[in-house]
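Notes for the one structure printed next.
Counting starts at 1 for both ligands and their atoms, following the listed order. Counting from 1, the numbers follow the sequence of the chain as shown.
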Amino acid sequence: MQHILEELDRRREQARAGGGEARVAAQHAKGKLTARERIDLLLDEGSFEEFDMFVEHRGTEFGMAEQKVPGDGVVTGWGTINGKVVYVFSKDFTVFGGSLSGAHAAKIVKVQRQAMKVGAPIIGLFDAGGARIQEGVDSLAGYADIFLENVMASGVVPQISVIMGPCAGGDVYSPAMTDFIFMVRDTSYMFVTGPDVVKTVTNEVVTAEELGGARVHAAKSGVAEGAFENDLEALTQVRRLVDFLPSSNRQAAPERESFDDPHRAEPSLDSLIPADPGKPYDIKELILKIVDEADFFEISSEWAKNIVCGFARMDGESVGIVANQPQVLAGVLDIDSSRKAARFV
Ligand code: HXC
């Protein structure tokens, strides 16, 4: 019995070590946390229950049979955020660049299906180079399975993606189908493929930032709903977002105790909106005054600023807010602001 327990401990150690010390050090040197460190920050302390820690890939081509890491580049399971159950997968860039094999895909699909079954949000932490090149079509088929579950989960449970490293191929197509995408400034990228492959194929030289950095997607394309300074801030904001959302379409939006009297008078509103309709004012100032405890979670704050969207609470109940912003382009609706509002609704 003792030797079985020792073997179990050895394999757990191996799974926790991911791609090894040198690659973990390289990850930290880039200002990024590891897949497991991210899960620890995202979830309530000690709440994480891991699935499939010892799963390995089944590839044999290109010497892959000799290169196996337990867990195969993705940490999956469930835990809680402020007591609410959420399902999580976190890509490990230190193992084959977090790339997706058939076995790796099956781990993610299991989490997606389980979340739908119990009615809980799915949170994906991405830091990965897409389809595992060595596995070819087995990997592509794995993405097809994940994309199908993305579609099935849409409108059923919230799907949140956090882009936390250079992400390519399927590791951006799948997040692009989810409800909320957050990025980390200067370390995360969303592109079809990386700058080196672009140079080889098209002979064009482009930086990772120009190709799909957080600034591009949060301010120009509108693909990302938020861009944050570092891993810690991004994960803290996911925790905040989850607090506003119902766990599934079978549940009402969460309520929590409010310290603001819903019948309070706010005299400054009398003068906030100018008598002259030609004069602009800041709608966000108005929002902060009417919601509970001035707590407003803005979505896509850097894109299509002529409309403001986000979550807040009124008398303790979660609400979604969509408001024209007279301060930017006189608050008119154009293509981007219409898309932003429609997507949010
Ligand atoms: C296997 C991969 C990999 C991949 C990276 N690695 N991407 N291994 N399959 N797709 C490995 C590298 O070989 C390297 O291994 C380690 O991960 C780190 O990668 P680097 O290139 O050294 O890191 P970096 O310079 O930061 O660049 C990261 C990157 C780049 C931008 C993600 O690696 C890249 O462009 N990769 C290819 C992206 C791509 O074209 N993916 C396929 C997309 S097609 P070592 O051993 O050196 O540490 C797709 C189809 C989906 O996904 C469609 C579904 C239907």
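Of the charged side-chain nitrogens involved, at least one lies within less than 4.0 Å of a carboxylate oxygen, so that R313 and D295 count as a salt-bridged pair.
At a cut-off of 3.5 Å, with distance as the only test, a side-chain donor of D127 or Q27 sits close to an acceptor on the other residue. Side chain to side chain, S258 and D260 fail the donor-acceptor criterion of an N or O pair below 3.5 Å. For the 3.5 Å distance criterion, the side chains of E209 and T207 fail to qualify, holding no donor opposite an acceptor.
Checking E13, E6, E7 one by one against R10, the salt bridge (charged side-chain N to carboxylate O under 4.0 Å, His left out) holds for a single residue, E7.
Every residue meeting the side chain to side chain contact (heavy atoms under 4.5 Å, CB included) condition with V291, not counting sequence neighbours, appears here in chain and number order: I287, A312, M314, I321.
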Identify all pairs of nitrogen or oxygen atoms, one from ligand 1 and one from the protein, separated by less than 3.5 Å, and list them with distances.
{"from": "ligand 1", "atom 1": "9 (N)", "to": "I133", "atom 2": "N", "distance (Å)": "3.1"}
{"from": "ligand 1", "atom 1": "10 (N)", "to": "G129", "atom 2": "O", "distance (Å)": "3.0"}
{"from": "ligand 1", "atom 1": "10 (N)", "to": "A131", "atom 2": "O", "distance (Å)": "2.8"}
{"from": "ligand 1", "atom 1": "17 (O)", "to": "G97", "atom 2": "N", "distance (Å)": "3.1"}
{"from": "ligand 1", "atom 1": "35 (O)", "to": "G194", "atom 2": "N", "distance (Å)": "3.3"}
{"from": "ligand 1", "atom 1": "40 (O)", "to": "T193", "atom 2": "OG1", "distance (Å)": "2.8"}
{"from": "ligand 1", "atom 1": "41 (N)", "to": "G129", "atom 2": "O", "distance (Å)": "2.8"}
{"from": "ligand 1", "atom 1": "46 (O)", "to": "R23", "atom 2": "NH2", "distance (Å)": "3.0"}
{"from": "ligand 1", "atom 1": "48 (O)", "to": "R23", "atom 2": "NE", "distance (Å)": "2.9"}
{"from": "ligand 1", "atom 1": "48 (O)", "to": "R23", "atom 2": "NH2", "distance (Å)": "3.3"}
{"from": "ligand 1", "atom 1": "52 (O)", "to": "A131", "atom 2": "N", "distance (Å)": "2.9"}
{"from": "ligand 1", "atom 1": "52 (O)", "to": "G170", "atom 2": "N", "distance (Å)": "2.8"}

